[in-house]
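All of these numbers come straight from a predicted model, not from anything done at the bench. The sequence lines fix the lettering, A, B, ..., with proteins before strands; numbering per chain opens at 1.
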Amino acid sequence: MKVKFLCIIALSAILFACNTPVTESEKNGSEQSRKSESEDSTHVPLATEKKVELKREGIFMFYVGAFEAKKMDTKKNPMLENKINIALDSISGDVIYGHSVVAGNIRPFQGTFNLKDGMYTVVAKEPGDNKYDGVFTFTLSPDNGTLNGVWTSNDKKLAVSERSYDLKKTEFKYDPSLELDGTYSEVYNSYNAKTEQHEQITDDAGKLNASQVELTSKDVENMYRRDLEIMRNAIYARHGYSFKNREMRYFFDTQVAWYIPVSTDVTAELTDLEKKNIELIKRYEKHAESYYDVYGR
Amino acid sequence: MMLGLSTLKNKRKYSLLVLLSVYTYFLWLMIRITLQYFPAHDDVAFLSIKQDYVGMWHYKLAFFIHVFSAIFVLLAGYTQFSESLRKKNPKMHRRLGWFYVIVTLFFAGPSGLIIGIYANGGTSSQIAFCLLAFLWMLFTLMAVIQAMRRQMSSHRAWMIRSFALALSAITLRAWKYILVALFHPKPMDVYQIVAWLGWTLNLVVAEIIIIKKIRS
């Protein structure tokens, strides 16, 4: 009797297990950053002889800084601060052309300007065919290298309908030696009410520069998934990738001084070393994501 | 008096049922883990972070032998430690016993020793896993020798030790789950800890069981 009973338990256990497909928990939360988001980058005015003209006048430059929310709907989970890059591309007559790079979007704008005492006052509109388009109104001082003003959205129902900015003239150049300074920082939107804590990015994230050092499994096997993600995305950040992913954007926009968003697809710019490291880090990220806190190894 | 005896019996039955259910649940988890590698994948789960070694044929061979053989030794948990089963059907006990011994000594044990050499977590966990595999085979061998010499209480003690080490497959992963949930350690730090914790505590429990059994 008992024998039968035990055998049935054993047998049913096996059968049950066989019928259950092994589901790898693949929450592809960190799959961003490699895909090109070309759908959002409508045609950006390219270099013309006008650009040269602007360059001569010392205007053609990136103006980079915080893009801070002024009017917002807190219920819609607004991003309080992004890093914006306003690039002035060309001038034709009294029309100024440029584009902005922010939050994984490149948007062109064009507008009119007044020049008075070396200060340009510009009102420039984005095309208007994107939900997040609006109008930039700013003052540009090429001599001081500053650009400041406000941006208002066309759609007033957006999470943020007005932002202000106070930008500095900045030059962008890919530099593989740029490092994360290893400061502890909180991960955006990771507040855990139970433990009353934010998830932390640790010093490990910036210990090795994945744009310069060929990583081995020994280097990455004892790292938290979040640190690996930061380490990998630092590669993209050095190339000026503008992050769509909120958490990565929050980190690089607000914590990394050298970071400048210039492009929404940097795949072609990656070095062979970087590609190799990205593949290795991703492997460990994926493993950590699927197995770190589950029953198994 | 009669009533008291039957409730005691029921209580025993009940706790045995609970124990078997828990064991079955963990066995089911282990089968799921095993099936991840079937049909022989070398880029999934644990192997995805062993890419430095999967190129070595002996590692790969040992890994798959270990995964697909070790799962069977756990089945011994259902039959070999039941006194009534052994008394009723000693032939079956012996047959299943030999199956456990052969799988352990010729497949799961040696393959465990080989993959132990390449264990994650550095020298400390490499020693832990190799020692585990070595002791597992040693205890199993001792148990067979004692059975053949008809030293039944000694056979029983060595088998309890052997199976305690076989159970490390389950307990190691359980410790990892608990430590991660409680302390959120770095992945290789927790690995180094459970490489030892996963089987040494089992041996302590095994000795307690052996002492208790000998007393009674």
Asks: Taking the six-membered ring for Trp and the single ring otherwise, decide whether the centroids of B:His184 and A:Tyr224 are under 6.0 Å apart.
Replies: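 Here the rings of A:Tyr224 and B:His184 have centres that are less than 6.0 Å from each other.
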Asks: Check each atom of B:Ala174 against the heavy atoms of chain A and say whether the ones under 4.5 Å are side chain, backbone, both or neither.
Replies: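 Interface part for B:Ala174: both.
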Asks: Quick one: pull up CG in B:Asp52 and CG in A:Leu280 and give me the separation to the nearest 0.5 Å.
Replies: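 Taking CG in B:Asp52 and CG in A:Leu280, the distance rounds to 8.0 Å.
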Asks: Does B:Phe46 CZ have over 12 foreign heavy atoms under 6.0 Å away?
Replies: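 Enclosed: over 12 neighbouring heavy atoms sit under 6.0 Å from CZ of B:Phe46.
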Asks: Using a 4.5 Å cut-off on heavy atoms from C-beta on, say whether the side chain of A:Tyr295 contacts that of B:Met30.
Replies: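 A side-chain contact under 4.5 Å exists here.
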Asks: Compare every heavy atom of A:His287 with every heavy atom of B:Ala45, then report the nearest pair and how far apart it is.
Replies: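 Heavy-atom minimum between the residues: O-CD2, 3.2 Å.
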Asks: Any heavy-atom pair between the side chains of B:Ile49 and A:Tyr284 that's under 4.5 Å?
Replies: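 They are in side-chain contact.
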Asks: Would you say B:Tyr177 has more than 12 foreign heavy atoms packed within less than 6.0 Å of its OH?
Replies: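 12 or below, so no.
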Asks: Between B:Asn120 and chain A, which part of the residue has a heavy atom less than 4.5 Å away: side chain, backbone, both or neither?
Replies: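 Just its side chain gets close to chain A.
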Asks: Please determine whether the number of non-hydrogen atoms from other residues, nucleotides or ligands lying under 6.0 Å from atom NZ of A:Lys75 exceeds 12.
Replies: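 No, NZ of A:Lys75 has 12 or fewer neighbouring heavy atoms, counting only those of other groups under 6.0 Å.
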Asks: Rounded to the nearest 0.5 Å, what separates atom CG in B:Asp43 from atom CZ in A:Arg283?
Replies: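 Interatomic distance, B:Asp43 CG to A:Arg283 CZ, rounded to 0.5 Å: 4.5 Å.
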Asks: Any chance CH2 of B:Trp98 has more than 12 other-residue heavy atoms, nucleotides or ligands included, within less than 6.0 Å?
Replies: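 Result for CH2/B:Trp98: open.
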Asks: Of the backbone (N, CA, C, O) and the side chain (C-beta and beyond), which part of A:Asp204 lies under 4.5 Å from a heavy atom of chain B, both, or neither?
Replies: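 Looking at A:Asp204, just its side chain touches chain B.
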Asks: Examine distances only and state if a side-chain atom of A:Lys286 and a backbone atom of B:Ser48 form a donor-acceptor pair shorter than 3.5 Å.
Replies: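 Checking the backbone N and O of B:Ser48 against the side chain of A:Lys286, no donor-acceptor pair under 3.5 Å is found.
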Asks: In terms of heavy-atom contacts, does OH of A:Tyr174 have more than 12 from other residues, nucleotides or ligands at under 6.0 Å?
Replies: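 Check passes, neighbour count above 12.
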Asks: Would you say B:Val180 and A:Tyr292 make side-chain contact, with heavy atoms under 4.5 Å?
Replies: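 Of all side-chain heavy-atom pairs linking A:Tyr292 with B:Val180, at least one is under 4.5 Å.
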Asks: Tell me if the CZ atom of B:Phe107 is crowded by more than 12 foreign heavy atoms within 6.0 Å.
Replies: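 Not more than 12 within 6.0 Å, no.
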Asks: Can you tell me how far apart CD (A:Glu221) and OH (B:Tyr191) are? Round to the nearest 0.5 Å.
Replies: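 Between A:Glu221 CD and B:Tyr191 OH, I get 10.0 Å after rounding to 0.5 Å.
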Asks: Check each atom of B:Ile170 against the heavy atoms of chain A and say whether the ones under 4.5 Å are side chain, backbone, both or neither.
Replies: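 Contact with chain A involves both backbone and side-chain atoms of B:Ile170.
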Asks: Which value, rounded to the nearest 0.5 Å, describes the distance between B:Gln36 atom CD and A:Tyr291 atom OH?
Replies: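 Answer rounded to 0.5 Å: 4.0 Å.
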Asks: Take atom OH of A:Tyr191 as the centre, draw a 6.0 Å sphere, and report whether it contains more than 12 heavy atoms from other residues, nucleotides or ligands.
Replies: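 Yes, OH of A:Tyr191 has more than 12 neighbouring heavy atoms, counting only those of other groups under 6.0 Å.
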